[in-house]
Amino acid sequence: MTSESINLVFNVSSIGFVLATACYLFLFLLLLTDKAANRTKSLLITFAAVQVLWAAFYLLVNTQPFINIDSIVAESIRHMSVLLLLLSCLSNNNKLWRPLLSQTTVKLLVPGLLAWIIINAVFPLSSNVTFSVNLLLCIGQLALLEALYRQAGQYVWQFKPLVLGFGVLILYDFILLAEAALFSRIDPQLWAARGYIAALSLPLLVLAIRRIRAWAINVYVSRDIVVNSTIVLLAGIYLSVLALAGFSIKLFDLSWSGLLQAVFIAAGFMLLALIALSGKVRRKFKVYIEKNFYANKFDYRTKWLSLTQYLKSLKLQQDIDYSAYLTAWLNATGYQRGALIRTFSPEQLQPLAWVNRLAVTQDELNLLQHYCQSFVKTGWITDLSDPDDAFVQFKGPTRKMDGHLIIPIYDEQQLWGLCMLNTPNAERLTLNWELRDYLTIITEQIGSYLLLTQASKALSENAQFAAFNRMSAFVLHDLKNVKAQLDLLLSNSKKHIDNPEFIRDSFDTLAAMQHRLSNMLSQLTDKRHDNSRSSRFSVADELAQVIQQKCAIRAPVPSLHVIRNCELSLDRERFSSVMYHLIDNAQFATAPSGEVSITVDIIDSCTPKLVCINIMDNGCGMSEQFIQQRLFKPFDTTKGNSGMGIGAYDALQFAQQHKGQLLVQSTEGQGSCFTLKLPLATA
């Protein structure tokens, strides 16, 4: 290489040492701002100061590295700062100096390096010896770094940037010194990159300081300062790359005309200006810095737990308290006042709740109507303090709104409403990417609870209407049965009007109908479940009465077979009604010449014992598909206008309510068998 090329190499290396000096001076000042007081912080400050002095020394002093006594002193002090810092990281105690200074390695290290400096000052040694000793110190540092990585264990994620940062520094020195020991000289090109390597390792060291919690060092730098400083650093690296490219072309004597040189420099600076002045690039870079190098503004675990507990305290069955849901937004953001507005359409808005503020004015509603018509965007939160926002420019400075943030609430991509939040200017949050994501998440959570409450209320109202309709159906069903008895009574009165027994039976029938109507009115006026109507009765006697009074008017007349009789303790009228419906269905499905039989028996093998009532007929029967899909479906009947379709459904509900069973066996064209099993009455 020519002397001109060597001077060019050292000029390039000077730029690297300038960057290294600036970077580690920044780290030194940054560590001074932290209030933590421990041994590791002191050694980090010492290391940063040594790096500043080391880089400034090679920047200002033109000397042969690792050979002259001044360079040996600078390199020895640098080795000592790195070794002491790594030994401190390996020590368990992070605050006291005595455990570190009492280590044998430290006792030998400090005097050994001092002796090394004195020996080189008094008896200058050959360059090979100097290179070899520095190479051994690099190997020792690598060994300590490897031990630190192995001991990190579960905290390896925290120490990984530290290991990588120091690893780059030490490995590069190792390569530089190994090559120097082999050829008895320092390679100028390798030396020129040493300052750049030191500067590039700084971000890893800063990241390690932020991650390693055991050091208790909480450095803070303004986001804008970090963004601007990093852009300047990248610009410097970019210019250095341009310089190195030009140097390489000149070094290897490539064709390099004045025209090409001018075009190359102009294109390089044009690209740099385009990137540095691009607002979009700066915004994306700032978001990247904030996401990856800064702690979150909120403790999301605590916020989410608090919000979830608050929403759980709101009862879905109660009337919707819109102010409670608005309070959830205020608590989650720390804002003081707000309003919740329902948007039925862009032109129809209704204020639902407001907290710690006056009611929403008509002027605010007019502005919000324009907002819903032209400015609302899915997932976009509007900052009313942002002068660049389109809606803020539309409303102008004269039309006031008591709000800072407007949060749209959506129900399946349809705008449901708006939440408007405000607080004093000193307490307002900056609407950056983090706050937008946070507000989007809590809005999804609160909005889902709000919509769930709304749906629950609608479902409750529908359930009440359904219960009323079901009760009306049962009333109509019973009225139909009462009417059938009246029709039978009137038709028979023409034949037996002079028969005293008929007259006596007629009055008994009228009394039974009057009792049934009274029960129906009682159920309609008293919605509570009444257990007082339960009574103890004989199953066989009740079935005989049902057959005689209600079922004997239709052929085939059922026959009753009592194998073993028993007593039940439940609602007697309900039991009679259920049995009548089942027997009437069997008669309806059987031809007049057919047969319907009822048997009563007791099942002893169960606990408690069960009464088993079988209602068998040899009628038309039912298919398996009909039994599964239609038999117990309410309001589905095969009797046309003469039936309500709730007899079998009511019988199944009755059996299940009393912990019994209703079983069905049927074959088309052969008949059916309904089996009702109910627990016997206890003594």
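Here the two rings, on W54 and Y58, have centers that are under 6.0 Å apart. For W191 and F17, the ring centers sit closer than 6.0 Å to each other.
With sequence neighbours excluded, the residues that form a side chain to side chain contact (heavy atoms under 4.5 Å, CB included) with I441 are W304. For R78, the salt bridge (charged side-chain N to carboxylate O under 4.0 Å, His left out) partners at least two apart in sequence or on another chain are D173.
Atom CD of E444 has 12 or fewer heavy atoms from other residues, nucleotides or ligands within 6.0 Å. Within 6.0 Å of the OH atom in Y149, the count of heavy atoms belonging to other residues, nucleotides or ligands does not exceed 12. Within 6.0 Å of CZ in F174 there are 12 or fewer heavy atoms belonging to other residues, nucleotides or ligands.
Within the 4.5 Å cutoff, the side chain of L148 has no heavy atoms near those of the F166 side chain. L429 places none of its side-chain heavy atoms less than 4.5 Å from the side chain of H404. Counting heavy atoms from C-beta outward, L31 and I209 have side chains that approach closer than 4.5 Å. At least one side-chain heavy atom of L439 sits under 4.5 Å from a side-chain heavy atom of L405. In this structure the side chain of C138 reaches within 4.5 angstrom of the side chain of L177, judged on heavy atoms. Between L326 and L421 the shortest side-chain heavy-atom distance falls below 4.5 Å. Side-chain atoms of L204 and L162, non-hydrogen and from C-beta on, never get closer than 4.5 Å to each other. Residues F28 and I45 have side chains in contact (heavy-atom distance under 4.5 Å, counting atoms from C-beta outward).
Shown here for M401 and M420, the closest heavy-atom pair between the two residues is CE-SD, 3.6 Å. Across all non-hydrogen atoms, the minimal contact from D402 to R357 is O-NH1, 3.2 Å. Closest of all the heavy-atom pairs between T443 and P408 is CG2-O, 3.8 Å. Across all their heavy atoms, K395 and L384 have their closest contact at CE-CD2, 4.4 Å. The two residues G447 and I409 come nearest to each other via the heavy atoms CA-CG2, 4.4 Å. When all heavy atoms are compared, the tightest approach of L59 to S14 is CD1-O, 3.5 Å.
We find the OG1-CD distance between T46 and Q51 to be 12.0 Å, quoted to the nearest 0.5 Å. One finds the CG atom of N422 at 9.0 Å from the CD atom of Q336 (value rounded to the nearest 0.5 Å). With rounding to the nearest 0.5 Å, the separation of CH2 in W329 from CD in Q445 is 11.0 Å. We find the CD-CG distance between E75 and N134 to be 6.5 Å, quoted to the nearest 0.5 Å. Interatomic distance, CG of L53 versus CZ of F57, reported as 11.0 Å (0.5 Å rounding). Atom OG of S71 and atom CD1 of I67 lie 8.0 Å apart (nearest 0.5 Å).
Panel note: side chain D389, backbone F391; a donor-acceptor pair is recorded below 3.5 Å. For the pair Y310 (side chain) and A332 (backbone), a donor-acceptor distance under 3.5 Å is absent. Without hydrogens or angle criteria, R436 side chain to I381 main chain gives a donor-acceptor distance under 3.5 Å.
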**OP:** Apply side chain to side chain contact (heavy atoms under 4.5 Å, CB included) to W116 and T130, showing your working.
**Re:** CA-CA 10 Å; W116 167 250; T130 305; 4.2 Å; yes

Original post:
Can you check side chain to side chain contact (heavy atoms under 4.5 Å, CB included) on Y371 and I406, steps first, answer last?
Top reply: CA-CA 10 Å; Y371 176 79; I406 300 179; 3.7 Å; yes

Original post:
Should L135 and F66 be marked as a side chain to side chain contact (heavy atoms under 4.5 Å, CB included) after you check the CA-CA gap, both sets of side-chain angles, and the distance that decides it?
Top reply: CA-CA 11 Å; L135 190 61; F66 296 101; over 6 Å; no

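Side-chain atoms of Y24 and S201 include a donor-acceptor pair closer than 3.5 Å.
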